[in-house]
Amino acid sequence: MTDRKPDEDKRRLFLVTAEDTPDALMRVLGVASVQQTRLRALTATPDGSTLAIRLEIDDQGDDRAQSLASRLAACPSVRGVGFGWRA
């Protein structure tokens with residue numbers, strides 16, 4: 001049995017496609033850090049000339065998720081960003 005409320009377990013999933021450069025992952029993590037996200041899971045997989053980055057973070061609301069997505073999309077070397085709920 002747990003004392004957690006169902007809303008406390010909500011997490012957002014961000015899927016980022018970036019150029020596979022030596023600093024791409026650190027740039028993406030830097031944006032997440034500046035936005036004060038609580039990172040719960042991270043995977044980064046090379047895929048040809050790109051890097052597929054999967055970030056799972058604690059939910060902080062729709063506005064914060066949209067803001068993080070916008071900032072990630074503006075990050076150098078990022079080619080695309082998608083986000084939603086963790087299944």
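A ring pair (Phe, Tyr, Trp, His ring centres under 6.0 Å) check over residues 14-67, counting only residues at least two apart or in different chains, returns the pairs F14-F83. Within the structure, the salt bridge (charged side-chain N to carboxylate O under 4.0 Å, His left out) test picks out the following pairs touching residues 48-57 (sequence neighbours left out): R11-E56, R54-E56, E56-R86. The stretch residues 15-38 participates, sequence neighbours left out, in no ring pair (Phe, Tyr, Trp, His ring centres under 6.0 Å) pair at all. Residues in residues 31-60 take part in no ring pair (Phe, Tyr, Trp, His ring centres under 6.0 Å) pair, two or more places apart or across chains. For residues 29-62, no residue pair satisfies the ring pair (Phe, Tyr, Trp, His ring centres under 6.0 Å) rule, not counting sequence neighbours.
Within the model, atoms CG of L42 and CG of L29 stand 5.5 Å from one another, a figure rounded to the nearest 0.5 Å.
Between I53 and A18, the shortest heavy-atom distance links the atoms CD1-CB, 4.4 Å. Nearest heavy-atom pair, A24 versus L51, reported as atom, atom and distance to 0.1 Å: CB-CD2, 4.4 Å.
Here R64 pairs with nothing under the salt bridge (charged side-chain N to carboxylate O under 4.0 Å, His left out) rule; sequence neighbours left out. Remark: D62 pairs with R12 by the side-chain hydrogen bond (donor to acceptor under 3.5 Å, both in side chains) rule, at least two apart or across chains. Taking R27 as the reference, D23 meet the side-chain hydrogen bond (donor to acceptor under 3.5 Å, both in side chains) condition, with sequence neighbours excluded.
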Take T37 and D58 through the test side chain to side chain contact (heavy atoms under 4.5 Å, CB included) and record every step on the way to the result.
-> CA-CA 7 Å; T37 62; D58 284 348; over 6 Å; no

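The cluster map of Ile, Leu, Val, Met, Phe, Trp and Tyr, joined by side-chain heavy atoms under 4.5 Å apart, puts I57 and L15 in different clusters.
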Compile the donor-acceptor pairs under 3.5 Å between side chains in residues 66-82 and protein atoms, sequence neighbours left out, one pair per line.
| residue | atom | partner | partner atom | Å |
| --- | --- | --- | --- | --- |
| S70 | OG | Q66 | O | 3.1 |

